[in-house]
> 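Okay, here's the structure, questions in a sec.
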Protein chains: 2
Amino acid sequence: MAGMRRGSLTRELLVKESLRLLDNDGLTGFSLPKLGRAIGADPTAIYRHFASKDDLVLAIADALLEEASAGLAPGPCWAGTLDEIARRIRRAPRGPVGGQRGPAEMRMVDMVIGAVLAAGFAGAEAATLYRAFGNFAVFWSGGEAVFLALGEKAQRADLNAWTHAYLVADRSAYPSIWRIREHLPSVADDDEIFETSLSFMLAGLAKRAPNPCMCGAHAG
Amino acid sequence: MAGMRRGSLTRELLVKESLRLLDNDGLTGFSLPKLGRAIGADPTAIYRHFASKDDLVLAIADALLEEASAGLAPGPCWAGTLDEIARRIRRAPRGPVGGQRGPAEMRMVDMVIGAVLAAGFAGAEAATLYRAFGNFAVFWSGGEAVFLALGEKAQRADLNAWTHAYLVADRSAYPSIWRIREHLPSVADDDEIFETSLSFMLAGLAKRAPNPCMCGAHAG
DNA sequence: ACCTGAACACCGTTCAAGT
DNA sequence: ACCTGAACACCGTTCAAGT
């Protein structure tokens with residue numbers, strides 16, 4: 001990858017290489033100098049194509065969302081559409097959380113609002129419900145990402161805290177923790193926890209919705 | 001604050017001063033050198049009381065949670081207790097998100113699990129529901145904090161995106177955004193968005209719970 | 001025992017200089 | 001027009017030296 005000819009550096013190439021770096025080394029292994037070296041250019045060459053690191057991050061985030069929304073289209077059931085969107089956002093390779101405002105995000109926002117309108121909501125209520133559901137999906141994805149970003153060392157320590165500190169924990173100081181102590185360390189079932197919360201959100205929407213969902217599986 | 005005598009630096013004092021710095025200058029204005037200078041000590045003096053910055057951050061986070069849970073006690077209605085806990089976590093001065101494992105967190109975890117048990121859940125289901133609700137509260141708080149941390153400049157730009165880009169947005173490219181465009185820029189009603197999502201979560205729990213809540217206000 | 005201060009290996013960003 | 005490379009003002013962290 002070394003020996004860039006002039007003009008061979010583009011925004012697309014830099015985003016693609018960033019994704020590769022993030023995939024390989026995680027968030028820790030990412031910095032502008034590292035990105036520069038990875039493409040065999042000067043550590044500051046990025047500034048010819050992005051105004052700042054934030055600008056690059058924004059482009060990366062939208063590329064991730066773009067990838068996550070491949071082939072996504074509204075289905076006949078508005079609740080099913082929202083369900084699918086939330087899953088896509090969560091499954092998206094761990095991107096940063098902020099408000100991105102890229103074209104891929106615009107399309108996703110439009111789909112979420114479209115589903116909320118299909119449910120029969122309108123005006124300010126539709127806006128609130130769009131943001132409630134959108135925040136839920138984005139915040140959950142971001143929250144899990146933050147936990148993952150703690151690094152394997154900290155995660156191991158965390159699991160340790162459950163298996164040791166919590167298990168051995170004062171029965172009298174934390175009686176409720178004690179009662180379900182053997183079910184707490186199972187860190188593996190993050191999917192089930194997400195599914196449960198998502199189903200609560202969708203049921204809440206469905207219960208309040210003027211139009212029932214078409215498939216009948218998302219009843220309040 | 002300058003002129004520290006030896007032995008006058010303690011973990012408590014450093015945490016307290018950190019909170020003051022975070023309050024004044026936000027997350028941007030916080031670093032170990034700055035903390036050192038703020039207390040009139042050497043920039044590296046912190047390392048005599050904390051193993052690392054992460055260690056300090058953990059202590060800060062638990063202090064924030066401690067403050068947020070002042071006077072908190074389980075009420076007669078388990079749903080009301082969960083409701084109050086989620087509000088406290090959200091209102092807590094914006095702390096970092098990760099799994100903290102401090103004593104204040106332990107007490108809060110015990111209360112959440114206590115409420116879930118009071119609802120009549122048990123075993124693995126209780127553990128899953130505790131984590132669903134706990135993640136919801138923590139992720140939401142963290143997500144909002146990330147948005148706030150974007151800084152006022154980025155937030156202004158974001159609001160701008162709504163009032164301009166989205167409003168003027170292609171009616172044909174984003175028809176659903178277009179239909180509720182005038183309701184989208186109202187960034188002020190974050191509270192209502194949170195309330196809505198929280199009520200969905202609580203209703204979902206209540207609907208599945210063997211024991212109804214005592215006050216009747218949280219029916220599924 | 002606790003604090004200092006120099007030092008190290010990094011950051012993001014700027015800017016004059018090259019080609 | 002695009003890239004380089006020195007430079008700046010920062011980080012978190014370590015460690016020998018002071019008292």
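Lettering of chains follows the sequences in order, A, B, ..., and the numbering in each one begins at 1. This is a predicted model, so every value here is computed, not measured.
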> Could you report the tightest heavy-atom contact between B:L22 and B:L27, atom names first, then the distance?
CD2-CA, 4.0 Å
> In terms of relative ring orientation, are A:W140 and B:F139 parallel, tilted or perpendicular, with 30° and 60° separating the classes?
perpendicular
> Could you tell me which residues satisfy side chain to side chain donor-acceptor pair (under 3.5 Å) with B:E125, sequence neighbours excluded, listed by chain and number?
B:R208
> So, are B:R20 and B:E17 salt-bridged, with charged N and O less than 4.0 Å apart?
yes
> Could you pull out all residues at least two apart from B:K34 that satisfy side-chain contact (heavy atoms from CB on, under 4.5 Å)?
B:S31, B:R37
> Apply side-chain contact (heavy atoms from CB on, under 4.5 Å) to B:R107 and list each qualifying residue two or more places apart in sequence or on a separate chain.
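In terms of side-chain contact (heavy atoms from CB on, under 4.5 Å), with neighbours along the sequence ignored, B:R107 is linked to A:Y174, B:E66, B:P103, B:A104.
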> Of all residues at least two apart in sequence or in a different chain, which pass the side-chain contact (heavy atoms from CB on, under 4.5 Å) check with A:D55?
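So A:D55 forms a side-chain contact (heavy atoms from CB on, under 4.5 Å) with A:R11, A:F50, A:A51, A:S52.
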> If the sugar-phosphate is the primed atoms plus P, OP1 and OP2 and the base is the rest, what is the B/S/- string for nucleotides 5-14 of chain D, using protein heavy atoms under 4.0 Å?
BB----SSBB
> Hey, is the side chain of B:H49 poking within less than 4.0 Å of OP1 or OP2 on C:dC3, counting only N and O atoms?
yes
> Ion pair present between A:R87 and A:D191, side-chain N to carboxylate O less than 4.0 angstrom?
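No salt bridge links A:R87 with A:D191.
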> Can you tell me how far C1' of D:dT4 sits from CG of A:L35, to the nearest Å?
16 Å
> Please list every stem that involves DNA chain D, where a stem is a run of 3 or more consecutive Watson-Crick or G-U wobble pairs with both pairing distances under 3.5 Å.
C:4-8 with D:12-16, C:12-16 with D:4-8
